[in-house]
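Working notes, beginning with the structure itself.
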2 protein chains.
Amino acid sequence: MAGKREANRQDLKSRLVAAAREQILDKGLKGIRARDVTTRAGCALGGLYSVFEDLDMLVIAVNAETLMQLDAVLSSAAAGRPGPVAQMRAMARAYLRFALDNRNLWNAVFGHRLPEGANIPQWYVDEYVAMFRHVVAPLAMLEPELSPGKLNLKARSVFAAVHGIVAISIQERFVGVPGESLERELDDFIETLAAGIAARRGRTAQR
Amino acid sequence: MAGKREANRQDLKSRLVAAAREQILDKGLKGIRARDVTTRAGCALGGLYSVFEDLDMLVIAVNAETLMQLDAVLSSAAAGRPGPVAQMRAMARAYLRFALDNRNLWNAVFGHRLPEGANIPQWYVDEYVAMFRHVVAPLAMLEPELSPGKLNLKARSVFAAVHGIVAISIQERFVGVPGESLERELDDFIETLAAGIAARRGRTAQR
DNA sequence: GCGCATTTTGAACATTGTTCAAATATTTTT
DNA sequence: AAAAATATTTGAACAATGTTCAAAATGCGC
């Protein structure tokens, strides 16, 4: 019976993450309480702190899972699409759909903030940044002459722009634009961006 | 000595908003505590609740002021610029600078979320949405044939896209891109968008 | 099975937002 | 101007929360 300690520990960890995920799913980010989560996970209150540094780190663990999911969604959305523009359009749509279908999880990822002094773990940042690679691929086809550094920067911007459009529409701050017209808006945005890139190609000496 | 009641009330209100603003300025959104704010404002703990429904509403009052500031900044950034593209570029830059110079206030505006049931007051939403008008003006010059409805939708998207780019860069989740290259990236983005709009003009039957 | 090391437990604590009866201040009435 | 009526301000008390840590329970090597 060796290694039972480590096994228990891992089991507790995943039970806690699962519990926190469910909690976020139906109560949102603010609805996650140490007592509820530990009860749900079937451990004592203090158990949480034997596996995570604090509640924020548990949230980050949940968010990491969500990011993995989103990454996979983007991957399969782009797979097999003919041409860079179609790929980007498909990913933008998939991003929108994911956000709409998993609003609370998605809000947890982008709405969670650590308290003033604390720093986000590097592995989490890396996982986040890794998603940009999905945009790098099609963008490189549209602008083959771009250096890797500029390509990365630009991919990040395109990602961020799509994110911004989705985010501002989802925050039901104002009456939500109907989902379908939002999808058209996104399509249009990608199309315009691509047309702009094509139009500007070679026209400028250097950027 | 008539009307002293209302005067006192208004005075308390603005002292509270000012105190909360300072608190956010140097401690961030999470650093705002009922006790600190009321002490700073020179009233008792309960005083806060005689003027605001709760802490969240006080935050919204601060955010409303910040939005006004930002609105003014965008206004004067665009004023006198020759042509729509120059206007949009100037506003994007101004937006970035404002976010960088007022990080905590800006984060409070876009990072604050009400608890599950509560609803954002309509006057606040209106103030927020009003900012889009700054993008509507130049966009209308670029695409004069667009209906007012589509124009609004598109202006919102452009605003959101710029917001997204700024937001993702500012969240120091990953090593911040140096401010200057970020500015160039924004310029480039606006330029590309404008080129795309021009290239697509008339080419599509209807959108 | 026994003793040691590690983990789990949950009562206790500190820090919050919020409430509300009492105290204070203002306005109205006489 | 004093008294009565009304409204506001106060801050002690409460409830809800994240976090800690000594004691109890559990796992491990012999």
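By convention in this document, chain letters (A, B, ...) are assigned in the order of the sequence lines, proteins followed by strands, and residues within each chain are numbered from 1.
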Task: Base dG17(C) paired with Arg35(B) side chain (donor-acceptor, <3.5 Å) - done: yes
Open item on the list: Taking any heavy-atom pair under 4.0 Å as a contact, classify Leu55(B): base, sugar-phosphate, or nothing.
Closed with: sugar-phosphate
Open item on the list: Once you apply a heavy-atom cut-off of 4.0 Å, does Ile32(A) come out as touching a base, just sugar-phosphate, or nothing?
Closed with: sugar-phosphate
To the nearest angstrom, how far is [X] atom [atom1] from [N] atom [atom2]?
X	N	atom1	atom2	value
Leu29(B)	dG17(C)	CG	P	12 Å
Arg9(B)	dA25(C)	CZ	P	19 Å
Asp54(A)	dT19(D)	CG	C1'	9 Å
Phe52(A)	dT20(D)	CZ	C1'	19 Å
Asp11(A)	dG27(D)	CG	C1'	15 Å
Arg15(B)	dT8(D)	CZ	C1'	13 Å
Leu16(B)	dT10(D)	CG	C1'	14 Å
Leu12(B)	dT9(D)	CG	P	6 Å

Task: Sidechain N-carboxylate O distance under 4.0 Å for Arg15(B), Asp11(B) - done: yes
Task: Salt-bridge contact Lys27(B)-Asp36(B) (side-chain N to carboxylate O under 4.0 Å) - done: no
Task: Arg33(B) side-chain N/O to Gly31(B) backbone N/O, donor-acceptor pair under 3.5 Å - done: yes
Open item on the list: Between Arg9(B) (side chain only) and Ser50(B) (backbone N and O only), is there a donor and an acceptor less than 3.5 Å apart?
Closed with: yes
TODO: Give a yes/no on whether any side-chain N or O of Ser50(A) is located under 4.0 angstrom from OP1 or OP2 of dT7(C).
DONE: no
Open item on the list: So Arg97(A) and Leu100(A), do their side chains get closer than 4.5 Å, heavy atoms only?
Closed with: no
As a test of reading the structure: which of [options] is closest to the side chain of [X], going by heavy atoms?
X	options	value
Leu45(A)	dT9(D), dG17(C), dT19(D)	dT19(D)
Ala34(A)	dT19(D), dT8(C), dT19(C)	dT19(D)
Asn8(B)	dT9(D), dG17(C), dT20(D)	dT9(D)
Cys43(A)	dA11(C), dT9(C), dT18(C)	dT9(C)

